Amino acid sequence: MSNYNPQEIEAKWQKKWEETELYRSKVDWDKPKHYALTMLPYPSGNLHIGHWFAMTPSDARARFMRMKGYNVLFPMGFDAFGLPAENAAVQRNIHPAKWTYANIEKMRKQMRSMGAMFDWEREAVSCDPDYYKWTEWFFKEFYEENLAYKKEALVNWSPALQTVLANEQVIDGKDERLGQPVIQKMMSQWFFRITKYADELLDFEGIDWPEPIRLMQTNWIGRSEGAKVTFKADTANQEPIVVFTTRPDTLWGATFMVLSPEHPLVDVLTMDENKAAVAAYQETTAKATEIERLSEGKEKTGVFTGGYATNPVNGAKVPVWIADYVLMTYGTGAIMAVPAHDQRDFAFARKFGLEIIPVIQPDGEEALTADEMEEAVVASGTMINSGPLDGVVVNSEKGRKNPAIAAAIDWLQENGAGEESVNYRLRDWLISRQRYWGSPIPIVYKEDGTMETVDVTQTPVTLPEDVDFEPTGRSPLTYYDPFLNTTDSSGNVARRETDTMDTFMCSSWYWYRYLNPNYGAGPMDPEEAAYWLPVDVYTGGAEHATMHLLYARFFNKAMRDLGMFDDASEIAAKNGRQTDGLFDEPMVMLRNQGQILGEERMGDMVMATGRWDGDKMYADRVEVVESADGVADGTVVGELMRRTENVMHVATADKTVVVELVDDGVVEIPAIEGKNTVNQLKHHLEIQRMSKSKGNVVDPDALVSAHGADTVRGYLMFAFDWQRGGPWNSQGMAGFTRFLDDVWTLGNASYIPKKENDKASRALRRATHQAMQKATRDMEAFSFNTALASLMSLRNTLKDAQKKTNVSVAAWNEAVDSMLLMLAPVSPFITEELWEARGHGYSIHQQPWPVADDEIAKEETLEIVVQINGKIRGKIEVAADASRESIQDAAMAEIADRLAGKEPKKVIVVPGRLVNVVV
RNA sequence: GGGGUGGUGGCGGAAUUGGCAGACGCAGCGGACUUAAAAUCCGCCGAACUUCGGUUCUUGUGGGUUCGAGUCCCACCCGCCCUACCA
């Protein structure tokens, strides 16, 4: 037997698997199907450890399902459009296509080393014209069904990226890619009408998705129930000013209105003497980025327009203001302000001296006058000062469930002043991008100013290749004439749309293309779709909660409503599948993996000097030092264990001391130049995301060449709770290396029993079948770490049996073969090699998953804990099928001495577990 | 501010959902083998006390329910993630 040499066997089997097409998945109506999908990568050119952590456990799960008897499809592809390719073009003078395809080629090689069961025949690459022809086709279909439209809108413009972004791509007023500021700009842009599906997207019935994802989507959609109320402007034309409110019950306390600075009625309402101030305010907010707005804190700003409007419930004239805390993009862009019961309105009213009228008398509290109030009153109670609503109960319920709100809505509808209304935070999906490297939008603008879609025979509209990329980053499509100039359907001169589509558009339907990437009659092959859809398990990162995962559901629902699944549905029905609601959701089950973080590290050795107050030090100086030597009395020296703000926990030689840095205290870190801050101190076990700049990146290629893919896969699955992730630990890999070394030895051993023993054989079989029970349950639950722990336990039992050589050959073989079979999804190469070495046929990956015999797995005797008043006082060994009475008798005998004749008050017997005697 | 999620040995993590807390592994310690080291093998490994048989404490903190709580309930503290003037 030779030593375990992963490089050799991995190359060998990779080749054989490809030659024999081991992982080709074909429609087979006689077998149950399982479509396992993992998120496709962006072709950055390098596979990092996070890709491995996402993909290889997903692969193991797919392989497990295959062994369980399912016909499994597990495809892969590339989400290949996007900005980095254009940056490469500008910076390195490489065409985006060349750069992208070179990266894809490199990543395909890296992925092959994973040993995953990807069916490469089904690979889809979103920047292939064969692929984006259908992305364009979807656009056309959506356009024709009024799901895509163009409008002038205030949008997020990123000067750094030279493009607009969807709301989902803007985080804290910065773009999610570079973290550069985003500003608001009026532009004519393409949108998808995702809001049409807002209510259906809130319904997760029938799909098994993690609760946090469902909550994030629910919050993102942000359904709120309330009413639209029409105020009339105090002008000659009495222009209606519509507001949305969730609290129509407080209308009688509305003492002013606030419009967004961009609101179209601002000009009408503004009096001559206020024009200058209003214009100045509008200009300031237009220029401000969202971050600048936020950096102002909660301090309210705004100006009076000089205009008034009439509150429809009581005819009161209320002043109309503009302020940036009212957003044009939410609701109607105008609010009624109820300072008594809304904290923002209260702050605004106090700052500008506006009237405050309380309309809710809180339960069990004295009524406050407006002058006495220190903050808005948000409480349950009874309506006051509200005419017809006086005395009605207000509770904390939302919408019509709240009696006061219901009464207010009824009043508004009877008096024609407003109506019940639902508002969503979700806005239509902005898909225009002013970029080159994306799927073109198949629209042309005719001479007369109208537009039309490009005829399907003329698609795909392809990206021109011989373009120059300006250093400004401007899209070449906007200045490359051969692309721009075209003709319309009647042959007249026309101009092409120069915007391309958001790359999330490409990734909103890729799992349909995988089914048959060469299909020419439509985006997906209905014969394949009928069998494989929907996706059974989707795995990937949770960071896509409100972007990709929401778009994917929208796309699927729109496709269903446009009849795009009709053919597939018919074929499915013909083959006996239940088709009701079959195509309502794209993915039945979703599971998110956690993130692998950088390796943990030791904290800085710090020395603090300052004033002691009891056990705590108020330090005026903290410095990073080399060692704890030469410590003066009264100073603290030790490793920084924890830090919260300016409070540090320092582990000195004998104890942990709390050190608080005083306000003007000095921090000195010799390794970092300039003025240092307390935030730069590294504390114990501080862990961070991996990044090149932090120098804590783990390179999977290097690990594979050092240890083999089987070890890397196995370690990733063993060392973490997959759904949580955690910090990398370079030492931990040794444990899995030892495990595979043992597996290698056991798998190659020729076993000859010396002193065969029935009891030992039974014990080994029991261990084998218990491992089957645990591994099966855990693989099903994505609990890879505990599944592997049970295999390691079986390994330990086997090593013991090998030493004692006291089990039967049959028991030995069953244990070794089962261990290999159960390890096969995790470490596919070594198990294939050993399967062959043990004289079994090719391939282990086509064997059925071992099924436990519960009778064999059952323990013969059980250890029962005997407690007195809940504390362990002894243990007894009883037969597995012992009766309750006999267990109790044995337990009482065990503790007879301790009881010393005392009569127990109560005896609790939990069969198979414990006996608790209460005295 | 709102929401989510988590807090268990030196570390990664287990705990059939209310029943022996710490499975499995890493690191560490002691021993064997070796001229030596690595590898390997054997043993120990939450803390304190101990007459070496045990005893007491221990799942962020404080209460509660229960024969029995890491698990359920209440209050609080801390970490991470998402979101944020959403009317």
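Values below: all heavy atoms of this structure, side chains included; hydrogens, waters and symmetry mates excluded. Letters go in sequence order (proteins before strands), and every chain restarts at 1. Since this is a predicted model, take the numbers as computed values, not measurements.
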Next on the checklist: What contact category does Arg223(A) fall into here, base, sugar-phosphate, or nothing, at under 4.0 angstrom with non-hydrogen atoms?
Outcome noted: nothing

Next on the checklist: Counting Watson-Crick and G-U wobble pairs with both distances under 3.5 Å, what is the dot-bracket string for RNA chain B, 5' to 3', using [ ] for crossing pairs and | for pairs to another strand?
Outcome noted: (((((((..(((......[....))).(((((.......))))).((((....))))..(((((..]....))))))))))))....

Checklist entry - Base, sugar-phosphate, or nothing: which does Tyr330(A) touch, judged by heavy atoms less than 4.0 Å apart? => result base

Next on the checklist: By nearest heavy atom, map Asn785(A) and Phe718(A) onto RNA chain B; which one lands nearer the 5' end?
Outcome noted: Asn785(A)

Next on the checklist: So, does Arg724(A) get its side chain near the phosphate of rC81(B), meaning an N or O under 4.0 Å from OP1 or OP2?
Outcome noted: no

Item to check | Salt bridge flag under 4.0 Å for residues Lys858(A) and Glu855(A) | outcome: yes

Next on the checklist: Looking only at side-chain N and O atoms, does Thr195(A) offer a donor or acceptor that is under 3.5 Å from a partner on Asp428(A)?
Outcome noted: yes

Item to check | From rC86(B), rC24(B), rA87(B), nucleotide with atom closest to Asn796(A) side chain | outcome: rC24(B)

Next on the checklist: Tell me every residue that passes salt bridge (charged side-chain N to carboxylate O under 4.0 Å, His left out) with Asp854(A), counting only those two or more places apart in sequence or in another chain.
Outcome noted: none

Next on the checklist: Generate the contact string for nucleotides 62-67 of chain B. Rules: B means base contact, S means sugar-phosphate contact only, - means no protein heavy atom under 4.0 Å.
Outcome noted: -----B

Checklist entry - With a 4.0 Å cut-off on heavy atoms, is Gln343(A) in touch with a base, just the backbone sugar-phosphate, or nothing at all? => result nothing

Next on the checklist: Strictly below 4.0 Å: does Asn219(A) bring a side-chain N or O up to OP1 or OP2 of rA84(B)?
Outcome noted: no

Give me the distances for all protein-to-nucleotides 41-44 of chain B N/O pairs that come in under 3.5 Å?
from: rC41(B); atom 1: OP1; to: Lys799(A); atom 2: NZ; distance (Å): 2.8
from: rC42(B); atom 1: OP1; to: Lys803(A); atom 2: NZ; distance (Å): 2.6

List, with names and distances, any nitrogen or oxygen atoms from the protein found under 3.5 Å away from nitrogen or oxygen atoms belonging to nucleotides 53-55 of chain B.
from: rU55(B); atom 1: OP1; to: Arg898(A); atom 2: NH2; distance (Å): 3.3

Next on the checklist: In whole Å, I'd like the distance from the CZ atom of Arg427(A) to the P atom of rA87(B).
Outcome noted: 12 Å

Next on the checklist: For a 4.5 angstrom cut-off between non-hydrogen side-chain atoms, does Asp345(A) reach Ile335(A)?
Outcome noted: yes

Checklist entry - Which residues satisfy the side chain to side chain donor-acceptor pair (under 3.5 Å) test with Glu863(A), sequence neighbours excluded? => result none

Next on the checklist: What's Lys774(A) touching, base or sugar-phosphate or nothing? Going by heavy atoms closer than 4.0 Å.
Outcome noted: nothing

Checklist entry - Roughly how many Å is it from CG in Leu788(A) to P in rC24(B), rounded to a whole number? => result 14 Å

Checklist entry - Is the distance from OP1 or OP2 of rC57(B) to the nearest side-chain N or O of Lys871(A) less than 4.0 Å? => result yes

Checklist entry - Ile221(A) CD1 to rG3(B) P: how many Å, rounded? => result 19 Å

Next on the checklist: Would you say Arg344(A) places a side-chain N or O within less than 4.0 Å of OP1 or OP2 belonging to rC86(B)?
Outcome noted: yes

Next on the checklist: Applying a 4.0 Å non-hydrogen cut-off, can you work out what Gly725(A) is touching in the nucleic acid: base, sugar-phosphate, or nothing?
Outcome noted: sugar-phosphate

